[in-house]
Amino acid sequence: MSKISIAVPQELVAVDRGRMREIVRTVLDGEHVADYEVSLAFVDNDTIHRLNKQYLNHDEPTDVLTFPLSSPMAKVLSGELVVGVEVAREQAAERGHDVQVELALYVIHGLLHLCGHDDKSAAAATEIRQCERHYLAKLGLPDIAEK
């Protein structure tokens with residue numbers, strides 16, 4: 001059983017829902033997750049700032065928030081990603097690439113967290129960046145992962 005829900009409660013940045021579904025399927029297939037229920041919400045700065053403050057006590061907008069809704073060993077991976085479209089737009093403009101590629105990176109990153117990867121240590125951060133690069137390449141997207 002696989003379910004992908006996508007919400008776009010903002011009109012600041014267009015979101016290619018079909019491409020986002022492809023990204024979710026590619027990453028979860030690559031991470032050997034067959035059964036999942038994942039929701040993506042592409043939100044504005046006010047919304048992601050409020051959530052970042054409420055759940056992580058970080059008083060700023062951010063790129064992606066990951067909310068696991070299942071235990072690590074559950075049969076069905078369940079979780080929510082909240083993606084900051086304004087942060088993506090700013091970063092894409094600053095770094096000179098398309099906002100859709102930046103959004104793809106955030107979705108990949110959030111999914112990797114849902115699958116159990118973290119970036120709390122230098123070694124783990126290096127590993128998650130390698131995974132990001134792998135999936136960007138697999139999806140035919142440029143390598144925009146942090147160096």
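Any value given below was found using the heavy atoms of this structure, including those in side chains, with hydrogens, waters and symmetry copies removed. If you read the sequence from its start, that first residue is 1, and numbering goes on from there. In this text, all values refer to a predicted model and were calculated from it rather than measured experimentally.
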Interatomic distance, Asn45 atom CG to Thr47 atom OG1 [nearest 0.5 angstrom]:
9.0 Å
Residues clustering with Phe67 (ILVMFWY side chains joined when closer than 4.5 Å, directly or via others):
Val43, Ile48, Leu51, Tyr55, Leu56, Leu65, Val82
Qualifying residues under side-chain contact (heavy atoms from CB on, under 4.5 Å), relative to Ala124, sequence neighbours excluded:
Asp118, Ser121
Is there a donor-acceptor pair under 3.5 Å between the side chain of Glu31 and the backbone N or O of Val33?
no
To the nearest 0.5 angstrom, please state how far the CD atom of Glu132 sits from the CG atom of Leu111.
11.0 Å
Can you list every salt bridge (charged side-chain N to carboxylate O under 4.0 Å, His left out) pair that touches residues 40-52, not counting sequence neighbours?
none
Tell me, which pairs form a salt bridge (charged side-chain N to carboxylate O under 4.0 Å, His left out) where one or both residues lie in residues 4-21, sequence neighbours left out?
Arg19-Glu22
Can any side-chain N or O of Ser2 pair as donor or acceptor with the backbone N or O of Glu37 at less than 3.5 Å?
no
Search all heavy atoms of Ser70 against all heavy atoms of Ser78 and return the closest pair with its distance.
OG-N, 2.9 Å
What pairs meet the ring pair (Phe, Tyr, Trp, His ring centres under 6.0 Å) rule with one or both residues in residues 112-137, with sequence neighbours excluded?
His109-His113
Flag side-chain contact, heavy atom, 4.5 Å: Ile6 against Val8:
yes
Tell me the ring pair (Phe, Tyr, Trp, His ring centres under 6.0 Å) pairs involving residues 4-46, sequence neighbours left out?
none
Only counting residues at least two apart or in another chain, list the ones meeting salt bridge (Lys or Arg N to Asp or Glu O under 4.0 Å) with Glu86.
Arg89
By side-chain contact (heavy atoms from CB on, under 4.5 Å), Asp59 pairs with (sequence neighbours left out) His49, Lys53
For residues 91-100, please give each side-chain donor-acceptor pair under 3.5 Å, one per line with the distance, not counting sequence neighbours.
unit_1, atom_1, unit_2, atom_2, d
Arg95, NH1, Glu102, OE1, 3.4
Arg95, NH2, Ile144, O, 2.3
His97, NE2, Glu102, OE1, 2.5
Asp98, OD2, Gln100, N, 2.7
Gln100, NE2, Ala14, O, 2.7

Scan for salt bridge (charged side-chain N to carboxylate O under 4.0 Å, His left out) pairs involving residues 69-85, sequence neighbours excluded, and state none if there are none.
none
Residues Asp35, Leu77; criterion side chain to side chain contact (heavy atoms under 4.5 Å, CB included); working and verdict:
CA-CA 6 Å; Asp35 296 327; Leu77 177 73; over 6 Å; no
Residues Met20, Val15; criterion side chain to side chain contact (heavy atoms under 4.5 Å, CB included); working and verdict
CA-CA 8 Å; Met20 293 304 154; Val15 174; 3.9 Å; yes
Evaluate the criterion side chain to side chain contact (heavy atoms under 4.5 Å, CB included) for residue pair Leu112 and Leu114; output intermediate values, then yes/no.
CA-CA 5 Å; Leu112 290 170; Leu114 271 186; over 6 Å; no
Minimum side-chain heavy-atom gap Val87-Thr62 below 4.5 Å
no
Cys115 side chain reached by Leu28 side chain, heavy atoms, under 4.5 Å
yes
Side chains of Ile4 and Arg25: does their closest heavy-atom pair fall under 4.5 Å?
yes
Quick one: are Val27 and Lys138 in side-chain contact, heavy atoms under 4.5 Å?
no
Positive for side chain to side chain contact (heavy atoms under 4.5 Å, CB included) with Val24, one of Ile108, Leu81, Leu40:
Leu40
